[in-house]
Peer 1: 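Take this structure first; my questions come after.
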Amino acid sequence: MDKKIVLIDGHSILNRAFYAIPVLTNSEGIPTNAVLGFLNIMFKILDEEKPDFLTVAFDVHQPTFRHEMYEAYKGTRKSMPDELRQQVPIMKEVLRAMDITIMEKPGFEADDVLGTIATICEKDGYEVSLVSGDRDLLQLASEKIKIRIPKTKKGGTEIENYNTKDVIEAYGVTPLQFIDLKGLMGDASDNIPGVPGVGEKTAGKIIGTFDTIENAYNHIEEVTPPKAREALRNNYEQAILSKVLATIKVDCPLEFEIQEAVFDNIYNENAYGYFKRLEFKSLLNRFQVQLTQNTGIEEAFQSVETLEEVEEIFNGLEKVNGIPGFVFIHEEELLGLSIAPSNEKAYFIKAGEKVTDTYLAGKVKDLAQKKQLATLNLKQQLHLPALNTIVSEGNCEKLQENIFDASIAAYLLNPLSDSYGYDDIAKDYLGLTIPSQSELFGKNKLSVSMVEKQEEFTHFCCYQAFSACKAAPLIIEALQAADMYKLFYEIEMPLVYTLYDMENRGIRVNRQELKEYGDKLLVSINSLETEIYKLVGEEFNINSPKQLGVILFEKLRLPFGKKTKTGYSTSADILEKLVPEHPVIRMILDYRQVTKLKSTYADGLAVYIGDDERIHGKFQQTIAATGRISSTEPNLQNIPIKMELGREIRKVFIPREDYIFLDADYSQIELRVLAHMSGDERLIDAYREAQDIHRITASQVFHTPLNEVTSLQRSNAKAVNFGIVYGISSFGLGQDLNISKKEAESYINKYFETYPRVKNFLDELVANGKGEGYVSTMFGRRRPIPELNSSNFMQRSFGERVAMNSPIQGTAADIIKIAMIRVNEKLKGLKLKSRLILQIHDELLIEAHKDEIEQVSHILEEEMQNAAKLRVPLEVEVKSGSNWYEAK
DNA sequence: TGGTTCACG
DNA sequence: ACGTACGTGAACCAG
C-alpha cells in the first residue's frame, strides 16, 4: 500500500466554508465560521483517509504573472469580505498550533504550488489527495492524484472524488483536455474569458473531437456548429490566453521534502487552547487527553468541613470589601456550599451532619441581609428546601436585592450565548479557561461519591463561587456601561423570584382525563393508520418524512412542491395543496395532527405529573435572544389551542379545589408597542379608537370605508400587520398569503404609505443596528446582530428582519415581565390565596381562589395595563373558567 | 447529532 | 442570482 498525502488548497476551502456556514462568532466577536468549516472538512478527510502526510497551501498575495494577466482582463480581483479576511490569519495560526505544515511560496499561486507538489509526490510513489473547492484543479487528476471537492450539499458536506476516469465520466474529457475545455468555455469566477458563446456542451464536443484548442483552430473548417466555429475564429487569441490562464503549473522551482508534511501532533495543548478560545465545542472531544491548564488559582482553593472552620469563614466574610461569591452545589440534594470571600480565595464547604443545609442556608441568608453577594443560576438554587425561605418568608426584600445573579447579567450582556455557567463567565469576563462540569465529570450527574475523594470536585465547586465573585464587579460595570443596570435590577433580578414561585407552584393536571384523552387519540391513530396503508397499498412509517416522500412523490407520483436538504418536503403547507390530488393526503395530515397530540402532549405531559398532581415546568430566563422567557420540561407555552381537537387538552389543566382559573391576555401587545415606538399618528389613533385594528388597517390600506371591508381584506391586513412585526419581506408575506411577491410588495407599500412613521422607524432600527451592532428595546435590553454586516445577502437580510423584530418582541417581553413581577408581588403582599402560575408570552394564568375572583381580576387588569405607559392603551382581556379550556 | 415537522406566542 | 417571514421546545427519524 502506497503512503498517502493529503494536500489542501487553503484559501479555496476556507472560502467555501465561509459561504457554507452562516454567521458564527465566538463571544469575543471574532468571526469563526470559515475556520470551523475548514476544520470540519479537514477532519472529515483525515478520518476517512488516515493519510501519512498532510500539508495546506496558501497564496501569498504578491502579484504573479497569472494575476497580472487576469487583472488586465477583468480589473481588480473580487475583494474578500472582511469577516473572511480576518479569519485567514486565525486559520493559519490554528494550523500551526496543530503542527500542520503550511506552504506559502511567495511568487507562486497556491494552485501552482499544489500542482507542483502533487506531481512531485506522484513521481515519488505516493498516493495524493488534493482537496479544493476549485474545479480548476481537475486538470491535475491522474491515477494517483485524486482531486477531492467538498460540496456543501443539503444534509452535510459530501466530497466529490475525481481520478482520471471520474473526470472523463463527468466532463467527457481527460484531465489534460480539461485545460483546453476551460480555455474555450471560460470561467467567470476565475475571470477566464474563454470564447464567447461557447458553453460547456459545445466546448466538450470540440475538445472531444480535436483534443486541443490549437488543433481545433488548425482544423477550423471542421469545427461545428458554425456559430462556435466563427466564435473560435474570431477569439482564437483570447482562447489561447484563456488556456494559459487556466493552466496550473506542475513544475514550479520549489523545494519540497516529504518530511515537511509529517503531522503527528494535531491534538496538542496549544491547539486545544485555540479551539476553546474559538469555542469549537463540537471539536473539543477530539482531544483525548484532558488538557486542562492550571490557571494558578486552584492553589487558593480549599475544602473544609468542620463547624469551626465554617464559622471562621463566615466571620471573616462580614469584613470583606468586595462582593463575595456563593454557590450551593447540589444535584437533588445539597452536597455543599462553594464560597469565595474575595477574588483570591475560595472554599468548598462540604455538607454533613453538623454542617447541615439549613445551617448553611441560614448563614448565607444572614450575610445577604447585610451585604451584596454574587452567585450563578440563582433560581435553580432556590429550589433547595433549605433555601426557598429566601423567597417565601416575609421581610426578605433586602436579602433579595443583595443577591446578584451573574448568569442573568451575562445573559443581558450577550443574550446570544447558549450557556452562562461558571466556565463561560470565567472565559468572557476573566479571560480564564477553566474546565467545565462536563470536562471534569463527563455527562455524569454530581453525586455524593464525588465529594468524598476528588480534588477535582473541590476545584469544580470553588471555580463557581470564585468566578461569580471575581466577575461580579466587572459585570456590574459592563451593565452600567451598556445602560442595562436598571433593566437588570428592576426587571430581571426580581423576575428570578417570580419565576421561582411559578415553578414551585406548578399547574394541576387531571391525570385520569389526560389518560382518557390519550386513549381517544390512539383509537384515531390506529384507524387512520390502517386506512392510509390501504389507500397507498403498503405499510410504511408515516412519521418518516423520507419514507413518506417516497410514497407520495415517487409511488403516487404526486407533484412535489419543494425539496429540502434531505429529500422532498412533506410539510403541512405543501400537503395542504395536495389535498385535492389524493384522498390519502387529508388522512396523513390528520394522522400527523393526532400523533403529535398523542406523543408530545398526551404522553409527553403525563410523565411530568408529580405526586401533588401538578406539573412543575421550568421557566428559562436566559435562552431567548429577544428577552422572552421560555418554558421547558415540559413546554407549557405551546399547549394546543388553534385546532379544536388539540384545544380539548386544555380541559385537563384544572385549578385546585375551591379555585378557578383567570386568564389575562394582552390584546395585540406587539402592534401597540410598534404604534408607540414608531410614533405613527395614524396607527396610534387607530388604537385609541379601540376598534378592530386589522379592519382599520384594511380600511386605510385599501381605501375602503370601515364597514365595507371584506373579510379577505381584513385577513390580508392582518397578515401584513404580522409581517411588519416579523421584519417584513415581500417574499415572506407572499408565501404566507399564497400570493405573488409582487402583490405582496404592493400591500407592503400601501401599508407604508398609510403608516409612514412605521416605515421610518423600521428603517432607523436597521440603520442603527448596522452602526451599533445591536438593537435595543424600550427598556434598554440589547440584542446584538452580527449578521447585519454580513457580506452574504441571506444572512444580512435575516439580520435586517431581526433588527426590526427584536425591539418590538423584546419590548413586549419587558412589559409582561414587569406585569408578572407586580402581579405576583401584589397577590403575595395582600396575602391573597390566588397565585400566578403560568406566562405564555402575552398571557398570564392565575389560579384564583373563588372568594378573590373580582379582586384578582381587577389587579390583573390594573397591573398589566399599567406595566408600561405607552402612547396607546394596553388592553387586557380577563377570562375565567373551571379549566384552561374554558378560561381562554 | 442534525434535520424535519409542528405545537404555541 | 441569491431564496426567507420573528421567537421558542419537543418528538421523531436517520446516519
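Keep in mind that what you see is a predicted model, and the values were worked out from it rather than measured. Reminder, nothing fancy here: chain letters follow the sequence lines and each chain counts from 1.
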Peer 1: Which is true for A/Ser631 with a 4.0 Å heavy-atom rule: it touches a base, it touches only sugar-phosphate, or it touches nothing?
Peer 2: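 Sugar-phosphate contact only - A/Ser631 comes under 4.0 Å of backbone atoms but never of a base.
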
Peer 1: Can you tell me how far C1' in C/dG3 sits from the matching atom in B/dC8, rounded to whole Å?
Peer 2: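 Nearest-Å result for C/dG3 against B/dC8 at atom C1': 26 Å.
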
Peer 1: Does the pair A/Arg672 and A/Ser667 meet the rule for a side chain to side chain donor-acceptor pair (under 3.5 Å), with working shown?
Peer 2: CA-CA 9 Å; A/Arg672 287 170 199 265; A/Ser667 157; 3.2 Å; yes

Peer 1: Choosing from B/dC6, C/dA5, C/dG7, which nucleotide comes nearest the side chain of A/Phe798?
Peer 2: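 Looking only at side-chain atoms, A/Phe798 lies closest to C/dG7.
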
Peer 1: From the list C/dG9, C/dC6, B/dG9, which nucleotide is the closest neighbour of the side chain of A/Ile641?
Peer 2: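 Between C/dG9, C/dC6, B/dG9, the one nearest the side chain of A/Ile641 would be B/dG9.
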
Peer 1: Any side-chain N or O of A/Thr570 less than 4.0 Å from the OP1 or OP2 oxygen of B/dT5?
Peer 2: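 For B/dT5, OP1 or OP2 has a side-chain N or O of A/Thr570 closer than 4.0 Å.
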
Peer 1: Identify whether any heavy atom of A/Ile840 sits under 4.0 Å from a base atom; if not, whether one sits that close to sugar-phosphate; answer base, sugar-phosphate or nothing.
Peer 2: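 Sugar-phosphate, no base atom in range.
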
Peer 1: Mind checking the CZ-CD1 spacing from A/Arg714 to A/Ile693? Nearest 0.5 Å is all I need.
Peer 2: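 Interatomic distance, A/Arg714 CZ to A/Ile693 CD1, rounded to 0.5 Å: 10.0 Å.
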
Peer 1: What's A/Asp736 touching, base or sugar-phosphate or nothing? Going by heavy atoms closer than 4.0 Å.
Peer 2: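 Touches a base.
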
Peer 1: Hey, is the side chain of A/Arg592 poking within less than 4.0 Å of OP1 or OP2 on B/dT5, counting only N and O atoms?
Peer 2: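 No, A/Arg592 has no side-chain N/O under 4.0 Å of OP1/OP2 on B/dT5.
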
Peer 1: Pairing check on C/dC2: which nucleotide meets the Watson-Crick or G-U wobble criteria with it, both distances under 3.5 Å?
Peer 2: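 Pairing partner: none.
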
Peer 1: So, taking the atom named CG in A/Leu844 and the one named CD1 in A/Ile840, what distance separates them when rounded to the nearest 0.5 Å?
Peer 2: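 One gets 7.5 Å once the value is rounded to the nearest 0.5 Å.
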
Peer 1: Between C/dA5, C/dG7, C/dC13, spot the one nearest the side chain of A/Thr626, thanks.
Peer 2: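 Comparing C/dA5, C/dG7, C/dC13 against the side chain of A/Thr626, the answer is C/dG7.
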
Peer 1: Does the side chain of A/Ser630 get closer than 4.0 angstrom to OP1 or OP2 of C/dG7 through an N or O atom?
Peer 2: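 Negative; the distance criterion is not met.
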
Peer 1: Is the distance from OP1 or OP2 of B/dA7 to the nearest side-chain N or O of A/Thr600 less than 4.0 Å?
Peer 2: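 Negative; the distance criterion is not met.
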
Peer 1: Which of the following nucleotides, C/dC6, C/dA5, B/dC6, is nearest to the side chain of A/Lys596?
Peer 2: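 Within the option list, the nearest is B/dC6.
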
Peer 1: Determine: side-chain N/O of A/Arg628 to OP1/OP2 of C/dG7, distance under 4.0 Å, yes or no.
Peer 2: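 False: A/Arg628 side-chain N/O out of range (4.0 Å or more) of C/dG7 OP1/OP2.
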
Peer 1: Does C/dT8 have OP1 or OP2 under 4.0 Å away from a side-chain N or O of A/Asn635?
Peer 2: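 False: A/Asn635 side-chain N/O out of range (4.0 Å or more) of C/dT8 OP1/OP2.
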
Peer 1: Looking at every heavy atom in both A/Thr626 and A/Ser806, which two are closest together, and how far apart are they?
Peer 2: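 Heavy atoms only, the tightest pair is CG2-OG, 3.8 Å.
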
Peer 1: Have a look at A/Ile623 and say if it touches a base, only the backbone sugar-phosphate, or nothing, with a 4.0 Å heavy-atom cut-off.
Peer 2: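 Counting heavy atoms under 4.0 Å across all strands, the contact made by A/Ile623 is with sugar-phosphate only.
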
Peer 1: Does NZ or CZ of A/Lys741 lie under 6.0 Å from the centre of the six-membered ring of A/Phe731, at an angle within 45° of the ring axis?
Peer 2: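 Checked: cation-pi criterion not met.
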
Peer 1: Hey, does A/Ala813 reach any base, or is it just sugar-phosphate, or nothing, if we go heavy atoms under 4.0 Å?
Peer 2: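 The answer is nothing, as A/Ala813 stays clear of every strand by at least 4.0 Å.
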
Peer 1: Would you measure the distance from the P atom in B/dT4 across to the matching atom in C/dA5 and give it in whole Å?
Peer 2: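 It works out to 12 Å between them.
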
Peer 1: Does OP1 or OP2 of B/dG3 have a side-chain N or O of A/Lys546 closer than 4.0 Å?
Peer 2: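 For B/dG3, neither OP1 nor OP2 has a side-chain N or O of A/Lys546 closer than 4.0 Å.
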
Peer 1: Within the structure shown, what part of the strands sits under 4.0 Å from A/Ile808 by heavy-atom distance: base, sugar-phosphate, or nothing?
Peer 2: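 Nothing: the residue A/Ile808, judged by heavy atoms under 4.0 Å, touches no strand.
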
Peer 1: Classify the nucleic acid contact of A/Gly727 as base, sugar-phosphate or nothing, counting any heavy atom under 4.0 Å across all strands shown.
Peer 2: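 It contacts nothing in the nucleic acid.
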
Peer 1: Would A/Asn749 and A/Ser746 count as having a side-chain donor-acceptor pair, cut-off 3.5 Å?
Peer 2: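 Not at all, the side chains of A/Asn749 and A/Ser746 share no donor-acceptor pair under 3.5 Å.
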
Peer 1: With a 4.0 Å cut-off on heavy atoms, is A/Arg783 in touch with a base, just the backbone sugar-phosphate, or nothing at all?
Peer 2: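 The residue A/Arg783 makes sugar-phosphate contact but no base contact.
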
Peer 1: What is the base-pairing partner of C/dA10, counting Watson-Crick and G-U wobble geometry with both distances under 3.5 Å?
Peer 2: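 Because both required distances fall under 3.5 Å, C/dA10 counts as paired with B/dT5.
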
Peer 1: Can you tell me if the side-chain N/O atoms of A/Gln547 get under 4.0 Å from OP1 or OP2 in C/dA14?
Peer 2: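 Indeed, a polar side-chain atom of A/Gln547 lies that close.
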
Peer 1: Salt bridge check, A/Glu492 against A/Arg781: does any charged N sit closer than 4.0 Å to a carboxylate O?
Peer 2: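 A salt bridge is present here (some side-chain N lies under 4.0 Å from a carboxylate O).
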
Peer 1: Taking the side chain of A/Thr566 as heavy atoms from C-beta outward, which of C/dG7, C/dC13, B/dT4 is closest to it?
Peer 2: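 Of C/dG7, C/dC13, B/dT4, B/dT4 is nearest to the side chain of A/Thr566.
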
Peer 1: What interatomic distance, in whole Å, is found between P of B/dG3 and the corresponding atom of C/dT4?
Peer 2: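 Straight-line distance between the two P atoms is 14 Å.
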
Peer 1: OP1, OP2 of C/dA14 versus side-chain N and O of A/Ser544: anything below 4.0 Å?
Peer 2: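 For C/dA14, OP1/OP2 do have a side-chain N/O of A/Ser544 under 4.0 Å.
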
Peer 1: Kindly point out which of C/dA5, B/dG9, B/dT5 is positioned nearest to the side chain of A/Lys642?
Peer 2: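 Among C/dA5, B/dG9, B/dT5, the one nearest the side chain of A/Lys642 is B/dG9.
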
Peer 1: Where the side chain of A/Asn638 is defined as all heavy atoms beyond and including C-beta, which of C/dA5, C/dG9, B/dG9 is the nearest nucleotide?
Peer 2: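 Given the options C/dA5, C/dG9, B/dG9, the side chain of A/Asn638 is closest to C/dG9.
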
Peer 1: Return the nearest nucleotide to the side chain of A/Pro545; candidates are C/dA5, C/dA14, B/dT4.
Peer 2: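 Of the options given, the side chain of A/Pro545 lies nearest B/dT4.
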
Peer 1: What's the closest nucleotide to the A/Ser729 side chain, out of B/dC8, C/dC13, C/dT4?
Peer 2: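 Of the options given, the side chain of A/Ser729 lies nearest C/dT4.
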
Peer 1: Quick one: label A/Ala625 by what it contacts on the DNA or RNA (base, sugar-phosphate, nothing), any heavy atom closer than 4.0 Å.
Peer 2: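 Sugar-phosphate only.
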
Peer 1: Which nucleotide wins on minimum distance to the side chain of A/Phe793, given the candidates C/dC6, C/dC2, B/dT4?
Peer 2: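 Side chain of A/Phe793 sits closest to C/dC2.
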
